[in-house]
Amino acid sequence: MNFLPLTPAGDTPLRVMTIAGSDSGGGAGIQADMRTFAMLGLHGCVAVTAVTVQNSVGVKGFHEIPRDVISGQISAVTSDIGIQAAKTGMLASSEIITTIAETWRAEGLEAVPLVVDPVCASMHGDPLLHHSALDALRTELFPLATLVTPNLDEVRLLVGVEVVDEASQRDAARALHALGPRWALVKGGHLRSSSASPDLLFDGTEFHEFAAPRIDTGNDHGAGDTLAAATACALAHGYSVPQAVEFGKAWVTECIRAAYPLGHGHGPVNALFRLQS
Ligand code: PXL
C-alpha cells in the first residue's frame with residue numbers, strides 16, 4: 001500500500017484529534033486511534049469521553065468523564081494546537097454527544113473534517129452507548145459529520161435497515177445520508193454470507209464501492225476504530241472522502257493481516273506492522 005507523506009523531523013506534523021473512550025486492554029478506542037495516528041506520522045490529540053474497564057474477554061463497565069472536562073479538552077486543543085481532522089468513537093451518553101456538538105459549534109470547527117464512528121457496542125456485545133443516546137447521535141452529531149462509518153449492527157440501530165444484500169446496503173446508505181452527514185459509509189465487514197467485505201460510500205448522489213479481501217481472524221478488536229482513524233488522517237492531508245476511505249481500508253486491511261492473539265479472548269488489529277518482521 002502507499003503510505004501518507006511524512007513530515008521532516010523537527011517540523012510540526014499535521015494534528016488529528018480522537019474524541020473517544022479508553023480501552024484498558026489497549027486494543028481499541030483511544031489506544032488504537034493513537035497508534036494509527038503515530039504510525040501514519042501525524043500528531044494525535046485526545047478528548048477522553050469514558051474510561052472502560054475491559055480485557056480481551058469483554059467490557060466489565062465504564063466511567064463517563066464529566067461533560068465540562070470533555071468540552072475543556074476539545075477547546076484546549078483546538079484553540080492552541082489546532083487540528084486538521086478529528087474522529088469520534090465511544091461517546092457513552094446523549095449528554096456527552098450534546099456537549100461535543102455544542103463545543104464543536106462554539107469553537108467554530110464546522111470546517112474541520114469530522115469522521116463519526118457511531119460505536120454502540122463492543123465486539124462481545126457489551127454496550128458502549130446508552131440506547132437513549134441514539135437520537136442525539138442522529139440529530140446532533142450526524143449533521144456535523146463529514147463521514148459516518150457504521151457497521152451493520154449500528155446501521156440497524158440507527159436507521160432500522162437490515163442489510164442483507166446490495167440493495168438493502170444502498171437503502172441503508174440513503175437513510176444514513178438523509179440524517180445529515182456529507183458522506184455515509186456502510187461497512188460490509190459483518191456480512192458473513194459474503195466472501196469479500198464490500199463497503200458502500202454515498203454522498204447523496206454517487207455510490208462508491210470498496211472491495212477488500214476477507215481475512216478470517218478472531219483477532220479484529222479495534223478494526224472499526226482503526227479504519228476511522230486512518231481515514232481521518234488522510235482527510236487531514238487533504239484527501240477527498242473517497243480517496244481517504246480507500247486509504248483507510250487499505251490501512252486497516254494490513255492491520256488485520258498483522259493482528260495477534262492477546263489474553264483469552266479477541267486480540268487486536270495491529271497498527272505496528274511496519275515495525276515488525
Ligand atoms: O471497537 C469499538 C470500541 C471503541 N472504543 C472503545 C471500545 C471499543 C470496543 O470494545 O472499548 C473504548
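In listed order, ligands and their atoms are each counted from 1.
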Arg257 and Glu254 ion-paired at < 4.0 Å: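 Salt bridge between Arg257 and Glu254, a charged N being under 4.0 Å from a carboxylate O: yes.
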Polar side-chain atom of Asp225 near backbone of Ala228 as donor-acceptor pair, under 3.5 Å: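 Checking the backbone N and O of Ala228 against the side chain of Asp225, no donor-acceptor pair under 3.5 Å is found.
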Are Ser168 and Asp165 linked by a side-chain donor-acceptor pair shorter than 3.5 Å?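 Note: Ser168 and Asp165 side chains meet the donor-acceptor criterion.
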Would you say Gln73 has more than 12 foreign heavy atoms packed within less than 6.0 Å of its CD?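 Yes, the 6.0 Å shell around CD holds more than 12 heavy atoms from other groups.
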Dump the intermediate steps for side-chain hydrogen bond (donor to acceptor under 3.5 Å, both in side chains) on Asn270 and Gln276, then the final yes or no. CA-CA 10 Å; Asn270 180 10; Gln276 296 171 324; 2.8 Å; yes
With the criterion set at N/O pairs under 3.5 Å, what does the list of contacts between the protein and ligand 1 look like, atom names and distances included?
{"from": "ligand 1", "atom 1": "1 (O)", "to": "Asp225", "atom 2": "OD1", "distance (Å)": "2.7"}
{"from": "ligand 1", "atom 1": "11 (O)", "to": "Gln54", "atom 2": "NE2", "distance (Å)": "2.5"}

Please tell me if the side chains of Val116 and Pro181 come closer than 4.5 Å, counting only heavy atoms from C-beta onward.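 The answer is no; the side chains never approach within 4.5 Å.
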